[in-house]
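Proteins get letters first, then strands, A, B, ... in listed order; numbering begins at 1 in each. From a predicted model like this one, the values you see are computed outputs, not experimental measurements.
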There are 2 protein chains.
Amino acid sequence: MSELTDRQKFILTLVVHEHIRSAAPVGSDLLVKNYQLDISSATVRNEMSALTELGYLRQPHTSAGRVPTEEGYRYFVSHLMRDTELPETTRRMISHQFHQTRNDADEWMRLAASVLARQSSVASLVTAPHPDKARLKHLELISTRGRQALMITVTIGGEIHQRIVTVNDPVTQEMLTITSQRLTGLFSGKGADEIQAWQAQLQGLDAEIAAWLVDEMIEADALGSGDIYLDGLKNVLAEPEFSGSEEARRALRLLEERPLLYDLLSNTKVSNGIGGVQVLIGGEGAWDEFRQWSMVLAPYGQPGLATGTLGVMGPIRMPYGRAISAVRFLAGILSEMVTESLEE
Amino acid sequence: MSELTDRQKFILTLVVHEHIRSAAPVGSDLLVKNYQLDISSATVRNEMSALTELGYLRQPHTSAGRVPTEEGYRYFVSHLMRDTELPETTRRMISHQFHQTRNDADEWMRLAASVLARQSSVASLVTAPHPDKARLKHLELISTRGRQALMITVTIGGEIHQRIVTVNDPVTQEMLTITSQRLTGLFSGKGADEIQAWQAQLQGLDAEIAAWLVDEMIEADALGSGDIYLDGLKNVLAEPEFSGSEEARRALRLLEERPLLYDLLSNTKVSNGIGGVQVLIGGEGAWDEFRQWSMVLAPYGQPGLATGTLGVMGPIRMPYGRAISAVRFLAGILSEMVTESLEE
DNA sequence: TTTAGCACTCAAACAAAGAGAGTGCTAAAA
DNA sequence: TTTTAGCACTCTCTTTGTTTGAGTGCTAAA
């Protein structure tokens, strides 16, 4: 596949750069002039013609300049783009910001989404870190009234779930305290399956609460508190490809329909991997909704303990260099934060 | 102000209806034809002319039909609109949906936003119920490692806050349990100020934790967990007035800049009140960002216990009838849910 | 292999011409 | 006095044709 000459690679790079900059088709003249090439526009035209033949460029219409195809972007990202890093000062600043927030996952996610959006100048999304299998750390029961109690479960990852439970007979706070202490002792470190296995051996209030607990843990496993943090949508809507209301609406659809996002994010297999960063261009053919979109995603966290995904999404014509470096850096930072805070 | 003749009122009503339906200026001919009026278009023209003089209608340009002014909408909403209710079956269905969710405020908010968006066909927003003053119900400390612990505070409204605290010396779970029980006993039902007053009399670990607790309670008071739930943005972007990317972007701005929303929502004084429902048309002159928007808001909850705000926002040309009835009904439902679940 | 030159193409910008929706005014009818 | 038919007028929107210019591909010379 990589039968491109050096000059073709160079020209492809220029076309991609220029198109990302200007959002318009790139012509041979313009390229020669803007980049002071010491070859003529006719030569550039010949090379462009070859690149078109190879499927890396296309013409919106006969007398227009060239635009990169999805394939062209893919080639650019995997072979031509020089692998940048965020500047030292920026990295310092961001790192500082993170260490200054209070120790709160919610804050981190928000901050990560915000920084990511600003650095990449497209839209960002961050999922909360989620353990592969929820394990109980602590159970707490608080009496509310009569037969109702507030059940709070803390998992080893640090996630907190709450739910109101109803038991068969009225209970006092003491009874609840005792039960919660006993169950915490029994089940600490255990997952839904193990709790369920034990459950049969319990009686009375303990058994009732344990049933609720199993229910809760199962729910926690099933993606549970998987909030998605979004930011920078305005960046994307400002891009010319979304100026038509049709595309703008479609963009919004993506964001309001969380299931679609989940589907996409959970499908984070490493294909185009660059240090864990995955680039999906034009929906990779599979995702029809995303034909106009690209995403740069990376997993973060501590495998086995808790992992999440973060990334950016924008038009195919996206500043991949900046996006990739921002995503990689923030995946690193968040991994660090999660690891630091969640180590037992 | 109300010197309109019956016929003028009738025509204003028709213009508003027709404009809301068609999004286009409304002409005299069209009105006569579409609504089978038994007066001539010339008469309608005369009346329209009068309404324009009075400031209730305006012409986008000389040879165009009429469009309601903000003043026209206001008159319509407060004098002409017949006060509808959601159909019985719909009310039943919604109510059923709420009672079927698990007892979880988060779910309710989400559901309320979703139902509101669907019923009104514009965008909806719901703030979580928030007590005027947070009062501690229960304090829980969970050891994580070394000098760190997870502090969980449950307030009387049922809100849960978590935060990681660091104390001066290493602690065990027992020490933490004892401290949390003692402090829960001491401060249950108390607010930030009362806890602060007592704090001086404590020593050692208790004092340290109490200091963190005060901090947390103060934060809880300050709007704290005030998430805003949004839904139905796609409805709004589908409207023709937001087809230009400029307006679409502005719409997005409103939604990403939560502070602006907070500002607006917390300013829910009752002016145009209809059974607690407040209608803000075209930003009411004051909010420049909202010149193209209208909002229908209502407070809900139990004053003294916990209150929140919910409502819809959309273009000025909004189906006020449906919006108002939906907002009123859902404010009722949510009040009920909150009251039922939070009574001590 | 590169490049100058040139004919050709096609979208976008512009201008002129109509069509159509709607108005306001006047004078007649009710 | 109020309503209405009639009509001239206004202004946007659409259509149609024209021009412009960026950009191409091809050919033939360097």
Tell me whether the OP1 or OP2 atom of C/dA21 has a side-chain N or O from B/Arg45 closer than 4.0 Å. no

For C/dG22, does OP1 or OP2 lie under 4.0 Å from any side-chain N or O of B/Arg66? no

With a 4.0 Å cutoff (strictly under), does any side-chain N or O of B/Thr62 reach OP1 or OP2 of C/dT23? no

What's the CE-C1' distance between B/Met48 and C/dG24, to the nearest Å? 14 Å

Provide, to the nearest angstrom, the distance between the CD atom belonging to B/Gln59 and the P atom belonging to C/dA21. 17 Å

When both hydrogen-bonding distances must be under 3.5 Å and the geometry is Watson-Crick or G-U wobble, what is C/dA13 paired with, if anything? D/dT18

When the distance from CZ of A/Arg58 to P of D/dG23 is rounded to whole Å, what number comes out? 16 Å

Using Watson-Crick or G-U wobble geometry with both distances below 3.5 Å, tell me the partner of D/dA28, or none. C/dT3

B/His19 atom NE2 is separated from C/dA21 atom P, nearest whole Å, by 19 Å

5' precedence on DNA chain D between B/Ser41 and A/Asp29 (nearest-nucleotide basis): B/Ser41

Between the base of D/dT4 and the side chain of B/Ser40, is there a donor-acceptor distance below 3.5 Å? no

note: A/Asn46, atom CG; C/dT1, atom C1'; distance rounded to Å ~ 10 Å

Considering only D/dT24, D/dT12, D/dT3, which nucleotide approaches the side chain of B/His61 most closely? D/dT12

Is the closest side-chain donor-acceptor distance between B/Ser41 and B/Asp29 under 3.5 Å? yes

Distance check needed: D/dT24 P versus A/Leu30 CG, whole Å only. 10 Å

Tell me the closest heavy-atom pair linking B/Ile281 and B/Ser294, and the distance in Å. CA-OG, 3.3 Å

Nearest whole Å is fine: how far is D/dG23 C1' from A/Leu51 CG? 17 Å

Does OP1 or OP2 of C/dG22 have a side-chain N or O of B/Ser28 closer than 4.0 Å? no

Residues B/Gln8, B/Tyr56; criterion side-chain hydrogen bond (donor to acceptor under 3.5 Å, both in side chains); working and verdict: CA-CA 10 Å; B/Gln8 285 172 339; B/Tyr56 294 125; over 6 Å; no

Atom CG of A/Leu31 and atom P of C/dT3: how far apart are they, to the nearest Å? 14 Å

Taking the side chain as every heavy atom from C-beta outward, state whether A/Leu51 and A/Val15 have any pair of such atoms under 4.5 Å apart. no

Which of these, A/Arg66, A/Glu47, A/Arg58, sits in a side-chain hydrogen bond (donor to acceptor under 3.5 Å, both in side chains) with A/Thr52? A/Arg66

Check if the side chain of A/Ser63 and the base of C/dT9 share a donor-acceptor pair of N or O atoms closer than 3.5 Å. yes

